2 protein chains.
Amino acid sequence: MGKTQITIKDIGRALNISPSTVSRALKNHPDISQVTKDAVNKYAKEFNYKPNTLALSLRMSKNNTIGVIVPEIIHYFFSSILSGIEQIANEEGFNVIICQSNENYEREVKNTQALIATRVSGVLACLSKHTINYDHFQDIIDSDIPLVFFDRICIGINTDRVVVDDYSGAFAAVEYLIQTGCKRIAFYSSPLHLEISKNRKNGYLDALRKYSIPVDESLIRVCDTREEAIIITPQILDSPNRPDGFFAINDHCASGIMYAVKLAKLRIPEDVSIFGFSDGELAKACDPMLSTVEQHGYEMGKNAAKLLLDKINGKTHGQYTNKIVRTNLIIRGTTK
Amino acid sequence: MGKTQITIKDIGRALNISPSTVSRALKNHPDISQVTKDAVNKYAKEFNYKPNTLALSLRMSKNNTIGVIVPEIIHYFFSSILSGIEQIANEEGFNVIICQSNENYEREVKNTQALIATRVSGVLACLSKHTINYDHFQDIIDSDIPLVFFDRICIGINTDRVVVDDYSGAFAAVEYLIQTGCKRIAFYSSPLHLEISKNRKNGYLDALRKYSIPVDESLIRVCDTREEAIIITPQILDSPNRPDGFFAINDHCASGIMYAVKLAKLRIPEDVSIFGFSDGELAKACDPMLSTVEQHGYEMGKNAAKLLLDKINGKTHGQYTNKIVRTNLIIRGTTK
DNA sequence: ATATACAGCGCAAACGTTTGCACCTAAATT
DNA sequence: AATTTAGGTGCAAACGTTTGCGCTGTATAT
């Protein structure tokens, strides 16, 4: 007990050979005799030698660590992405260090700087809701650190991205609402400067157009939390011709809508249909269970991590790839 | 662009001074003249010098990184703990690298070994559901790495722990059920070798005893997921004298019970009351909203991280502290 | 003029590894 | 017998920092 980690030098001293020989023996270098190798390996095992990754990283000027910048860990979608990232990184022997921006621009730039200082091998990033300046990400690229964006990307920067198929998911959801009889469909969105908002809005609009349903701008609201939804929905429900369908930017928001709709003594889905986005933990807890767009966070995380690792390992050839993770509709009880 | 990070040596070369002088200048060492300091700082700022943390860690044999081993990131309780950990670590300039065991013993030991190899400054760990051997954690301690357990602790190892007040939370919840008229209360638990299960069971049992309610072993089940709850609850509801109250080990499980209860055409809370544990995302999405024991994952994470950092910084004096995070009841619609 | 003090800076070692090169010995080739 | 070959090993530098110690030069005190 209390024993501190043993080093290559220690092994060398104990066996009366040089550190270089020990190093080579451990790596099974052909120059080293079998007897030496055996002796070294035996000793290493016995005293539980573990290479010092710090020294290794320094020597190789290559850190087997990737950084992840994520808005908030606690959201199901992000934590499942994180889970996917960790899975792949782990398989490839990489550590993942996490930073959360808390949807805060200043913290996001601090995070990027910390990651650069740590000399991580690569960075996976998802924009905070309020980020509109991207210089800190350019800094990452300028520092020769591979960068790939996921989910909330920015198009001002040349790099790889992996996104959910927001457009198609939104289009399909709204089309489903229309096909099951909805005539007036509201859309609750995150701030519109975000690509995901734009894309989903486009999906929403195009679905309406396809079925020649007029667009009513008053039905498009910026609202992406349960609390906000509970506040603004009653007003909308009160209007002379209230909507008979809601398409929400996430499940939390959808559950807020459900709450307000029930409070207004309207029936789900007979009077109003509701579609969410994410398929998080709460979707099945709702009553009726929430119809939603499954967006495969875990898959997204795995894809993003793979892409990054390929870049780190130099397997990609200068091209920026734009991976799109499919979505699919999960029809449950809040739609007809 | 393409510029790689500048080093202390580079600054020295550019300014015709030695690396040691640069180092001292940057640290505002009194031995260095103001003019030199100014020159160094100016150059450092201009060329965006950032210390190489790898070299620093190696030199100081101190890694400003802590490792966290967590069963599954995607669960709300764990991700909020993680969030709290990240918060504190960030404030203190520490990176946090995460490993998930996926509730798998083998992965857990791999994780511990990886963290030892990385020479993290400290480890925060939460046992996987199936861990019954603790040697790998002893290895961490033997490697002189501070270790603190959170939530799912093991009592076989001498170290700091921070846990939720499981006993009191359970006691209070069950007492509330009794006080609001429940006569037969079922308890759905995680595997009973876990301390949290034992403690909550004790709280459950003591509350029953306090009110002289006989214990019926058939009402105590191992079940901690929504899916399992949906399967086993109908049988229990079918029995001649069905329970009129449920105390679930987590909110997922509680939501499964709700589903089964509604399916059996029983009313919540008039016919049966339900109490969860966690206050996760889904609690408010339930209908009626779930009464549950709030367990403050974020606080727990912050506490655990603080404790660990104190140990790392040598602020604690050899004593093992046992921090207990309070719980409190959140009464919503699933109880009277 | 000599001794003392101190300000300002550089040398070199150290943290643990890897790796190009040189070195030595013994065997194999001429 | 002289030379080449190859097998096995060690030296030393490098990655970027920090830090104890020693060195220089100038200014102050005797």
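None of these values were measured; they are calculated from a predicted model. Chain letters run A, B, ... following the sequence lines, proteins first and then strands; every chain starts at 1.
Of the charged side-chain nitrogens involved, at least one lies within less than 4.0 Å of a carboxylate oxygen, so that B:R152 and B:E103 count as a salt-bridged pair.
Here the side chain of A:H29 pairs no donor or acceptor atom with the backbone of A:S23 at under 3.5 angstrom.
Among the heavy atoms of the strands lying under 4.0 Å from B:I17 are primed sugar atoms or P, OP1, OP2 only; no base atom is included. Counting any heavy atom pair closer than 4.0 Å across all strands shown, A:D10 reaches no nucleic acid atom. Using a 4.0 Å heavy-atom distance criterion, B:T36 is classed as a sugar-phosphate-only contact.
In this structure, OG in B:S143 is found 6.0 Å from NZ in A:K50, a value given to the nearest 0.5 Å. Between the CD1 atom in A:I88 and the CG atom in A:L124 there is a gap of 11.5 Å [rounded to 0.5 Å].
The separation between B:N16 atom CG and C:dG10 atom P is 9 Å, rounded to whole Å.
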Each nucleotide of nucleotides 11-17 of chain D classed B (base within 4.0 Å of a protein heavy atom), S (only sugar-phosphate) or -, in 5' to 3' order, makes BB-BBBB

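Applying the ring-ring contact (aromatic ring centres under 6.0 Å, His included) test to A:Y76 and every residue at least two apart in sequence or in another chain returns nothing.
Annotation for B:I153 and B:R161: closest pair CD1-CD, 3.2 Å, computed over non-hydrogen atoms.
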